Amino acid sequence: MDIPKAYDPKTIEKQWYPFWEKRNFFAPERQTAPQAPIFSMVIPPPNVTGYLHMGHALNHTLQDVLARWRRMSGDRVLWLPGTDHAGIATQMVVERQLAKEGLRRQDLGREKFVARVWEWKEHHGGTIQQQMRLLGDSVDWSRERFTMDEGLSNAVREVFIRLYDEGLIYRGEYLINWSPGLQTAISDLEVEMKPVKGKLYHIAYPVQSDRIPAKVEGLVEAYAAASEGETRSGLLRTAAGDFIVVVTTRPETMLGDTAIAINPQDERYRQLVGKSAVLPLVGRRLPFIEDPIVEQEFGTGLVKVTPAHDPNDFAMGKRHGLEFVTVIGKDARMTQAVPEKYRGLDRYEARQAVVADLAAAGLLLKVEDYTHNVGHCQRSGTVVEPLISTQWFVKMEPLARPAIEAVRQGRIKFIPESVTKVYYNWLENIQDWCISRQLWWGHRIPAWYTPEGEIVVARDEAEARRRLAASGQDATVELRQDEDVLDTWFSSQLWPFSTLGWPDETDDLKTYYPTSVLVTASDIIFFWVARMIMMGLKFMGEVPFRTVYINSLVLDPEGQKMSKTKGNVIDPLEVFDKYGTDAVRFYLISASTAGLSFALQPSKLESARNFANKIWNATRFVLLNCGELLEANEPLVWETELARPTLADRWILSRLNRVTLEVNEALAEYRFHEAAAALYHFFWDDFCDWYIELAKPYVTAKTEAPENRAVKRRLVYVLERSLRLLHPIMPFITEDLWQRLPHAGETICLAQFPHHEAKQLDDRAEQEMGAMIELITRLRHIRSIFNIAPSVPLQAQVAIDNEALKETVIHMTEHIKRLARIEQLHLVERVAHGRGTARAVLSGAEIAVPLEGLIDLEKERARLERELAKLTSEYEVLEQRLANEDFANRAAADIVAQTRHRVSVLSDQINKLRTTLETL
RNA sequence: AGGCACGUACAGUCAAUGGUAGACGGCCACCCUUACAAGGUGGAGGUUGUGGGUUCGAGCCCCACCGUGCCUACCA
């Protein structure tokens, strides 16, 4: 048989993906049974600029396991791949490329720049797709989509127009998050709050004063005095007049203050209502307003209100009809609205200048260290500037309501369930979504403006004109399209149906929507999952998926989150290279639990690799020894004709069926790691360590006896089924080995996934085999304990009460002798009690191994006493439990029976051990 | 600040429908036994963060506390 001695993942992993892809095994049309259930998934589209990272590797492996498992189980499986145009990320990549040529995107102009991005995409945009092939993703490449495809772009325009016509999309001037780094508005979700060490500045504003002196003396001391004791107050009465003290982390924004707010309940400042303060450095009059949002306990309970640069202040500004003075521009520099000396200063320079001037004027009363959360732009890292700007928004509340309802009704299930609460919490407090971006790469907003500034939303300019005409207006005017593009997530949220052809009612859409399950990471639950649910319900009238499985976060070996800035990112391709892709897949599946993070662990990767090696070598053993069987390519059925199945045969068949049941159940409930663990132990412990070992004498025998042939056929049968069970997790190695075995069909990908047969589950065989394993293990133990070399021949006596068990031992004598390395096995009524005899008491059997001269009596006594102590303590616990009337009355009957049985076994063992010790 | 997780053997990584706590790695001892030293055999090691409660019975359910993560949030 031609099978390389060493398992080399690289060579076998290279050849199979092209084979699968060329023959189109992953197209759902491969499944021709008309009644086949549908199983569909859409891949979370990676950024077109992206590289496969560890998170993808896990996310894709989970999906691939499901896809392969369902496909083999007979479902018509569609797993649809694709990529996201990733507006900002992609634009930045190309801009960086331009920068190397000394160009900015503005130098090219919009049209040329966008063409350049497309060009980049054609040449460099396919990286992740190639990496997905390396990982083994069984996606249908013929249906690959891109969020800027013609079809998907069409869907985007359609959705925009429908939402606009319904009033769910609107344009308006509001306080938005501005990224000075990217020069665009961003959504709330794209703002990352990070603690920043800053200062808390206490600043005095004069109250109702006509003129502010150049320098006020003594305020600092007055404030220090006022800050003490019970009567803390931010109202200072001095010879120079009354002052109030406000507290801020951003003194530069004071230039845009237009009011001072106090809590209506705050008795300290009642007297101020109706009066006004004067803004230092500027001179503007600031009315005192009352607003419950002000917390009395914080600072002085007096809040400077900057409606144009703070979300709360903006809201107060709206409530109280305040003036909105924009003092910081989109370039993060001070605007013309501030006193001349500050104009054009960067916001942080302005802060220094303002602080210095306030100090000089005697109005800076106190500066404290203060760590607070500051919004950062997720992409560029710059500090976000809240400012007022005209943007497009989606009104979310009406869309959120049905999305909450759908989950409440159980039409969508989250795994783990705990994310449901997070989901509700976000949707119940949802804010409108700013969707316009001042970028060039993306879906351009389908809105046109007439010279009068009227908005016409339409699919294209021609339709815009028709719409104008329809409303009785001049359709020949010059129309200017909105310059902005949409947030990338606007198109991704349509992914589950836009990829299937929507708004056309295609066959794919009818067949595969809603999808079966979405596997994704927790960081995009709001960005993506929630919005897909809203859009699916809105435009398809049905949820986009039945189940959402949140996969783990993969941490570095130290348990730290991987990040580029930390430099601890592990490239999955390097890990594939080191351990083999199948091993990495197996590892990821066994290590991950829904919703929880785990640290990448080299030792476990190694053990996964060893497992793959084990599979390889077990197959190698079978191939080397069952060659003639393979050439005959006989059908693989469980052999019962040639020879009656032995205990070992019945046992392995039972184990195989049990693990089949476990794997199917575990996968159906998304308990991936349990499926992996069950397979690992079955294959290694049961099949390799016991069944193959037991089969060796038959398989390596020179004679062509029927029982030899039978065992070989059973070996191949179990192995072939095992490979099928393992295939979804380890696709490459299983395909490679399966092709070498007798098999039906072109590929293991389309071979049937085993299902268990209840009648082949054989509890008795498993119990009896368990007893054999115990017996052999205990005999080996004795040799090991007394440090006896394997070359020294040993005799053993076995005494068994149970007749059936005795039969089994007789039957398996030769196996026991070989596996326990015993020369002679004597079945006796009572085992010898000689002084030089090692003894062991099993459940239901007693063994003795004469070890004249080899045994250390004291050591043996100590060992047996330890054993006795262990058994006795267990016995006592269980005895006590049985003695408890409540236990007998209330516990389940089978538990009580089980306990009784265990107690009787224990008591028997204990008695025998005592005897043994006495006779020692 | 609120919400959600997690805390189990060696400072390692993680399992265990409420019914006598396991795996992997590491460690110790012995073996190159004709598929595999990426292997085989045997072994040591845990009062499951702390304190209560529910239960015949709790690692698992409830409460509080301590510790660690993650998410959300308008504390100037």
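All figures in this text were calculated on a predicted structure; none of them were measured in a lab. Quick note on labels: first sequence line is chain A, next is B, and so on, each numbered from 1. All values below come from the heavy atoms of this structure, side chains included, with hydrogens, waters and symmetry mates left out.
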Categorize A:Ile895 for me: base, sugar-phosphate, or nothing, with a 4.0 angstrom heavy-atom threshold over every strand shown. base
>> Once you apply a heavy-atom cut-off of 4.0 Å, does A:Thr306 come out as touching a base, just sugar-phosphate, or nothing?
In response: nothing
Its contact letters, B for base, S for sugar-phosphate only and - for none at protein heavy atoms under 4.0 Å, make nucleotides 36-42 of chain B read B-BSSSS
Is there a donor-acceptor contact under 3.5 Å linking the side chains of A:Ser597 and A:Lys561?
-> no
Could you pull out the protein-nucleic contacts involving nucleotides 21-24 of chain B (nitrogen or oxygen on both sides, under 3.5 Å)?
| residue | atom | partner | partner atom | Å |
| --- | --- | --- | --- | --- |
| B:C24 | O2' | A:Ser607 | OG | 3.4 |

Within 45° cone and under 6.0 Å: A:Lys696 NZ/CZ vs A:Phe621 ring: yes
Requested in this report: Classify the nucleic acid contact of A:Arg902 as base, sugar-phosphate or nothing, counting any heavy atom under 4.0 Å across all strands shown.
Outcome: base
Spacing of the C1' atoms in B:G49 and B:U41 (rounded, Å):
37 Å
Would you indicate what A:Asn425 reaches in the nucleic acid, counting non-hydrogen atoms under 4.0 angstrom: base, sugar-phosphate, or nothing?
-> nothing
Counting any heavy atom closer than 4.0 Å, what does A:Phe314 reach on the DNA or RNA strands: base, sugar-phosphate only, or nothing? nothing
From the candidates B:U13, B:A16, B:A35, the one with an atom nearest any side-chain atom of A:Leu624 is B:A35
*Any chance the side chains of A:His202 and A:Glu368 put a donor and an acceptor closer than 3.5 Å?*
yes
Work out how far the C1' atom of B:A29 is from that of B:G67, and round it to whole angstrom. 39 Å
B:G26 to B:C14 separation - C1' atoms, rounded to the nearest Å: 15 Å
Using a cut-off of 4.0 Å on non-hydrogen atoms, how would the nucleic acid contact of A:Arg783 be classed: base, sugar-phosphate, or nothing? nothing
Full working for side-chain hydrogen bond (donor to acceptor under 3.5 Å, both in side chains) between A:Glu190 and A:Ser187: CA-CA 5 Å; A:Glu190 288 162 292; A:Ser187 70; 2.9 Å; yes
Of B:C4, B:C74, B:U13, the nucleotide closest to the side chain of A:Ser418 is B:C4
### Message
Mind checking if A:Ile293 touches a base, just sugar-phosphate, or nothing, with heavy atoms under 4.0 Å?
### Response
base
Margin query: Just so I know, are the side chains of A:Tyr691 and A:Leu719 near enough to count as touching, which here means a heavy-atom distance under 4.5 Å?
Written below: no
*asked:* What contact category does A:Val877 fall into here, base, sugar-phosphate, or nothing, at under 4.0 angstrom with non-hydrogen atoms?
replied: nothing
Rounding to an integer number of angstrom, what distance separates B:A73 and B:G3 when you compare their C1' atoms? 10 Å
Between B:U8 and B:C60, how far apart are the C1' atoms? Round to whole Å, please.
11 Å
For this session: Could you work out the separation of B:A11 and B:U72 based on their P atoms and round it to a whole Å?
Result: 35 Å
Need one value for A:Ala891: base, sugar-phosphate or nothing, where a base atom within 4.0 Å counts as base even if backbone is also close, heavy atoms only.
base
